[in-house]
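Some notes on the structure that comes next.
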Amino acid sequence: MRPVSSTKNAFLKVTHVIFDLDGLILDTESIYKNVIASIAKQHGKQYTNAIRVKLLGSPDTDAARICVSEMQLPITKSQFLTEFRQRSKVFLASCPFMPGAENLIKHLSQNKVPIAVATSSSKDSANLKTAKYKDTFNLFSHIVTGGSDPEVKHGKPSPDIFLVCASRFADSPDPQKCLVFEDAPNGVLAATEAGMQCVMVPDEHITTEQTRQATQVLKSLTDVKLELFGLPPLK
C-alpha cells in the first residue's frame, strides 16, 4: 500500500522548484507497465511489481537493461528498446495529468516561482508526452532530458540531472534553495544527493522503507503544503 502522508520535523525555505515528469506530472506509468508486461508475455516471462519498482525514475537504456536481465528475456537491450518505443508511442501522446499536477504548476508560475523539469526521458520522448499540453509546459523555465542531455553524465540515483537543472535557472540557485517533486526512490536519492529537499508522491507499490530519504511523503500533489517551504500556499 502507498505510505500515508508524512513529514520530517524541519523544512528549509526554497526559491525554485524542480519536477520529475513520468508518474509525477503525467500518468505514464500505467502505459509503461502494460507495454513492458506485453513484451514479457510475448517471451513467456512475467513483469512483476518488484521489477517495476526498480525501473522507476531510470533512463530508458537503464530500464531496458534491467528488464532484459531481471526477466532473462531472449533479446538484446537494443531490441527491447525498439519494441518498447514502438508499442508505447501512440499511448504516450495522450497520457493525462496526475491529480493536482497541472494546478500546482500553474499556481507556482502565477506566483513567479521559477520552475523546471528534470526527467530521465530522452528529448524525443519528453516532446512526445508533452506535445498535447504545450501551454502548461511552456510555463517551465527549462526541461532537462537526462536520457539525451550530454551534460547529464549519470542517471538517477546520481545527482547529475538535478544539479544540471538547477544550474540552468537564470540565477543558478544554490541546490539547497531548490525543492524537488518526485515519485520514484531513485529520483528521491538523486535529489537528496544533490543537496535538495524532496517531496515524494510514491507509486502504490513503493514500500515505506523506500520513502525514508524524502523530506515529505504525500498521497497526491493535491495534498502539498507549499508554505512549509516558504512558498505561496495553494488556494
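Values below: every heavy atom of this structure, side chains too, minus hydrogens, waters and symmetry copies.
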Inset, instruction - Kindly determine whether Leu218 and Met200 satisfy side chain to side chain contact (heavy atoms under 4.5 Å, CB included), including the steps that lead there. - result: CA-CA 6 Å; Leu218 303 176; Met200 185 182 196; over 6 Å; no

Inset, instruction - Start with the C-alpha gap between Ser38 and Arg87, add the side-chain angles, then the distance that decides, and say whether side chain to side chain donor-acceptor pair (under 3.5 Å) holds. - result: CA-CA 9 Å; Ser38 69; Arg87 295 191 187 197; 2.8 Å; yes

Inset, instruction - Provide the closest heavy-atom pair for Ser167 versus Ser172 in the form atom of the first, atom of the second, distance. - result: O-OG, 3.0 Å

Inset, instruction - For the residue pair Leu179 and Phe181, establish whether any side-chain heavy-atom pair is separated by less than 4.5 Å. - result: yes

Inset, instruction - Find out if a path of hydrophobic residues (ILVMFWY) with successive side-chain heavy-atom gaps under 4.5 Å connects Val180 to Val224. - result: no

Inset, instruction - Run the numbers on Glu83 and Gln42 for side chain to side chain contact (heavy atoms under 4.5 Å, CB included), then give the verdict. - result: CA-CA 11 Å; Glu83 187 70 17; Gln42 178 181 322; 4.2 Å; yes

Inset, instruction - State, yes or no, whether a side-chain contact exists between Asn103 and Phe97 at a heavy-atom distance under 4.5 Å. - result: no

Legend entry - Flag side-chain contact, heavy atom, 4.5 Å: Arg52 against Asp203: yes

Inset, instruction - Indicate the atoms forming the closest heavy-atom contact of Lys177 with Val14, along with that distance. - result: O-CB, 3.2 Å

Inset, instruction - Would you name the heavy atoms of Leu221 and Pro99 that are closest together and state the gap between them? - result: CB-O, 3.6 Å

Inset, instruction - Please test Ser78 against Thr76 for side chain to side chain donor-acceptor pair (under 3.5 Å), starting from the C-alpha separation and ending with a verdict. - result: CA-CA 5 Å; Ser78 295; Thr76 65; 4.8 Å; no

Inset, instruction - Treat each ILVMFWY residue as a node, draw an edge where side-chain heavy atoms are under 4.5 Å apart, and state whether Leu24 and Leu231 are in one component. - result: yes

Inset, instruction - Say whether Thr192 and Gln213, considering side chains only, have a donor N or O and an acceptor N or O under 3.5 Å apart. - result: no

Inset, instruction - Go through the steps for Gln197 and Leu12 under the test side chain to side chain contact (heavy atoms under 4.5 Å, CB included), then give the verdict. - result: CA-CA 8 Å; Gln197 296 176 96; Leu12 300 175; 3.4 Å; yes

Legend entry - Side chain proximity check, Thr28 to Cys95, heavy atoms < 4.5 angstrom: yes

Inset, instruction - Could you tell me the separation between the CD1 atom of Ile25 and the OH atom of Tyr133, rounded to the nearest 0.5 Å? - result: 12.0 Å

Inset, instruction - Indicate if Leu55 and Leu189 have the same hydrophobic cluster label, given that clusters are the connected sets of ILVMFWY residues with side-chain heavy-atom separations under 4.5 angstrom. - result: no

Inset, instruction - Kindly compute the distance separating CZ (Arg65) from CG (Leu81), expressed to the nearest 0.5 Å. - result: 11.5 Å

Legend entry - Transitive ILVMFWY side-chain link Ile105 to Val201, under 4.5 Å: yes

Legend entry - Between CD on residue Glu29 and CD1 on residue Ile36, distance to nearest 0.5 Å: 8.5 Å

Inset, instruction - May I ask you to test the Leu163-Pro175 pair for a side-chain heavy-atom distance under 4.5 Å? - result: yes

Legend entry - Where Leu26 and Met98 come nearest, the two heavy atoms and their spacing: C-CG, 3.7 Å

Legend entry - Cluster overlap Val117 with Ile161, hydrophobic side-chain contacts below 4.5 Å: no

Legend entry - Euclidean distance, Glu227 CD relative to Leu234 CG, rounded to 0.5 Å: 8.0 Å

Legend entry - Pair Ser121, Lys129: side-chain N/O donor-acceptor within cut-off below 3.5 Å: yes

Legend entry - For Lys77, all residues meeting side-chain hydrogen bond (donor to acceptor under 3.5 Å, both in side chains), sequence neighbours excluded: none

Legend entry - Audit row: Lys106, Glu102, salt bridge (charged side-chain N to carboxylate O under 4.0 Å, His left out) steps and yes/no: CA-CA 6 Å; Lys106 290 181 177 179; Glu102 188 174 23; 3.4 Å; yes

Legend entry - NZ/NE/NH1/NH2 to OD/OE distance under 4.0 Å, Lys156 and Asp20: yes

Inset, instruction - State the CD1-SG distance between Ile39 and Cys67, to the nearest 0.5 angstrom. - result: 7.5 Å

Inset, instruction - Check whether any side-chain N or O of Thr130 sits under 3.5 Å from a backbone N or O of Ala126 as a donor-acceptor pair, and report yes or no. - result: yes

Legend entry - Donor + acceptor pair across side chains of Thr207, Gln210 (<3.5 Å): yes

Inset, instruction - Report yes or no: does His142 contribute a side-chain atom to a donor-acceptor pair with the main-chain N or O of Cys165 at less than 3.5 Å? - result: yes

Inset, instruction - Using a strict 4.0 Å threshold on nitrogen-to-oxygen distance, state whether Arg168 and Asp149 make a salt bridge. - result: yes

Legend entry - Minimum heavy-atom distance Phe162-Gly187, with the two atoms named: CE1-O, 3.5 Å

Legend entry - Within-4.5 Å side-chain heavy-atom neighbours: Asp22 and Tyr32: yes

Inset, instruction - Report yes or no: does Ser125 contribute a side-chain atom to a donor-acceptor pair with the main-chain N or O of Ser122 at less than 3.5 Å? - result: no

Inset, instruction - Locate the shortest heavy-atom distance separating Asn186 from Lys54; write the atom from each residue and the value. - result: ND2-O, 3.9 Å

Inset, instruction - Report yes or no: does Ser88 contribute a side-chain atom to a donor-acceptor pair with the main-chain N or O of Phe84 at less than 3.5 Å? - result: yes

Inset, instruction - Please say which of Arg85, Gln86, Gln79 ends up in a side-chain contact (heavy atoms from CB on, under 4.5 Å) with Thr82. - result: Gln86

Legend entry - CE-CD distance between Met196 and Gln176, expressed to the nearest 0.5 angstrom: 10.0 Å

Inset, instruction - Show your working on side chain to side chain contact (heavy atoms under 4.5 Å, CB included) between Met71 and Ile66 and close with a plain yes or no. - result: CA-CA 8 Å; Met71 292 187 285; Ile66 293 169; over 6 Å; no

Legend entry - Pairwise side-chain contact, Ile18 with Phe169, heavy-atom cut-off 4.5 Å (strictly under): yes

Legend entry - Contact check, side chains of Thr215 and Phe229, non-hydrogen atoms, under 4.5 Å: yes

Inset, instruction - Would you confirm whether Thr145, through its side chain, and Ser148, through its main-chain N or O, come within 3.5 Å as a donor-acceptor pair? - result: no

Inset, instruction - Give a yes or no on this: more than 12 heavy atoms of other residues, nucleotides or ligands lie within 6.0 Å of atom CD of Glu70. - result: yes

Inset, instruction - Keeping the roles fixed (side chain from Glu182, backbone from Phe19), state whether a donor-acceptor pair exists under 3.5 Å. - result: no

